[in-house]
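Okay, structure first, notes after.
So you know, we letter chains A, B, ... as the sequences are listed, proteins then strands, and number each from 1.
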There are 2 protein chains.
Amino acid sequence: MNASHHGDDSRSYHHGDLRKTLLETCCTHIANQGTEGLSLRALAREAGVSPTAPYRHFDSRHALLAALATEGFDELGASMGAISAADPVPAVFECALAYVRYAEANPVKYHLMFGDVIGDFSRHEELITAARQCYGHLARILAAGVASGDLRQDDPDELGGTVWAVVHGLAGLVITARAKAAQAPMEDLLEVPPLRAQQAVAAAPERAVLRMLEGLVADPACLAGLQQRWRKV
Amino acid sequence: MNASHHGDDSRSYHHGDLRKTLLETCCTHIANQGTEGLSLRALAREAGVSPTAPYRHFDSRHALLAALATEGFDELGASMGAISAADPVPAVFECALAYVRYAEANPVKYHLMFGDVIGDFSRHEELITAARQCYGHLARILAAGVASGDLRQDDPDELGGTVWAVVHGLAGLVITARAKAAQAPMEDLLEVPPLRAQQAVAAAPERAVLRMLEGLVADPACLAGLQQRWRKV
DNA sequence: GCAGGTATGTTTGCAGTGTCAACATCCTTG
DNA sequence: CAAGGATGTTGACACTGCAAACATACCTGC
């Protein structure tokens, strides 16, 4: 595609847009074979390029994965950042759901972001800042909720920890459940199978999130609206 | 040690107990260098044995990790199995704490159990059954709670999903926080840093667990005892 | 428009790895 | 005490990440 810039026979010395191709190929490769057998050489091969070409775009194998994860944090951060903190309780709900849904829609990137594939976060500055920004959105909303009195008067960071933990755990369950349901190739890169529990959660993540919210909210009454909406799936 | 079975000069052809040595060396190696640079050859070297000797004990590199994880599930399962379901609400509390504490005390094994290091769970039958038994204990307690009316009348599996998720997420936070606090070498095999939130949770996982319980329990009053006990750390 | 610089891709090479097959050594059990 | 299985060793192959040194194509200033 777009090899018109040099009139030759479709095979050009330069690939055209290798960086992007690598990122995408990497994604599909992980989705298919898992993160295990991933090799820059294989990626290069798949892109029809010499074995060490990728090193012109990524300092190391890790750097490629880190770039993918950073992309993910930016995307997730964007959708969380779009949530207004004006109405804190629904905002927390939306925030948590955004997280779970992102994981569901982008299992590979999610896996890179929150799994342990990328060993040393501290070696990728951009990754860290992206991750912090992401959590910052949740923190902002929680702080608003505590300030407005809608959430219980607790240390916002402690609340943040709880929410983060729940949501992170939920996402894991949902992903595995989805992957299994689809008999998909992702099945082998994820966590332990808590049997039907994960299917239950996956079927209605909103309800699980709501159950968590009940522990955070100052007055359970303010959940009535959300509860009614997600009553019976 | 115990090389007395052959009277020679302390160096024997046979190692004596390589399997165990490998498992242990593997653990410390992961704790130090992370799961990344782990190689059977290095392990063999460290055990003073030929590069391919480990294959007499483990079919593949993965099999070694799987064995370690299985060990972990057995241990965690044992402590969860010891919890009586007679008094369901405190039992859930204990169960959740047992999980978090196991993770805290055995970060490496926990990492193998719930991280994505072991690609294909389905290739290690024993691993799967161990994991299922583990979740079974939680399920048993939750079922008792629902039956006795102490927990809200929900699908036990859905409750299980929530608990599992929370507890799993909490454990992750606690581990990273601990690792960082200690400036420990574990720092590079774990998840994203949600800033001070994880420290807050790590400082008092009991409170986070309690907060979750509030969402599960039928009558908040039955938490009074636990709440008082963990009031202010 | 073209000389030179820079981004991109290639070739070559090294050290290290997982895994297999054939062989050596020891322990155990009859 | 000899046969046989368990354990450890040697050697080999294909593959990987990564680092130079080199080649090619695009781009920019003149």
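One can place CG of A:L38 at 15 Å from C1' of D:dC18, the figure rounded to the nearest angstrom. Counting to the nearest Å, the P atom of D:dC15 and the CD atom of A:Q33 are 15 Å from each other. Atom CZ in B:R61 sits about 13 Å away from atom C1' in D:dT16, given to the nearest Å. A:H57 has its NE2 atom 18 Å from the P atom of C:dT6, to the nearest Å. As rounded to whole Å, 14 Å separates atom P of D:dG17 from atom CZ of A:F58. Taking atom CG on B:L43 and atom C1' on C:dT19, their separation rounds to 16 Å, with Å as the unit. Atoms OH (B:Y55) and C1' (D:dT9) sit 15 Å apart, rounded to a whole Å. Whole-Å rounding puts the B:E36 CD to C:dG16 P distance at 17 Å.
Of all heavy-atom pairs between A:T70 and A:A130, the closest is CG2-CB, 4.1 Å.
Of the listed nucleotides (D:dT7, C:dG18, D:dT16), C:dG18 has the atom at the smallest distance from the side chain of B:L40. The side chain of A:S50 approaches C:dT10 more closely than any other nucleotide in the set C:dT10, D:dG8, C:dT8. The B:S39 side chain lies nearest to C:dT17 when the options are C:dT17, C:dG9, D:dG8.
In this structure, the side-chain contact (heavy atoms from CB on, under 4.5 Å) partners of B:A66, at least two apart in sequence or on a different chain, are B:I118, B:H124, B:L127. Not a single side-chain contact (heavy atoms from CB on, under 4.5 Å) links B:T28 to another residue, sequence neighbours left out. Legend: residues meeting salt bridge (charged side-chain N to carboxylate O under 4.0 Å, His left out) with B:E75, ordered by chain and number and at least two apart, are B:K109. Residues that satisfy the side-chain contact (heavy atoms from CB on, under 4.5 Å) test with A:V92, not counting sequence neighbours, are A:I141, A:L142, A:L151, A:L213.
OP1 and OP2 of C:dA7 both lie 4.0 Å or more from every side-chain N or O belonging to A:R56.
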Which atom pairs link the protein and nucleotides 12-14 of chain C when you take only N or O atoms and keep those under 3.5 Å?
none

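The side-chain hydrogen bond (donor to acceptor under 3.5 Å, both in side chains) pairs that include a residue from residues 40-61 of chain B are A:E36-B:R61, B:H29-B:E46, where partners are two or more places apart or lie in different chains.
Within 4.0 Å of A:R45, counting heavy atoms only, lie sugar-phosphate atoms of the nucleic acid but no base atom.
Residues B:Y135 and B:F73 keep their aromatic ring centres 6.0 Å or farther apart.
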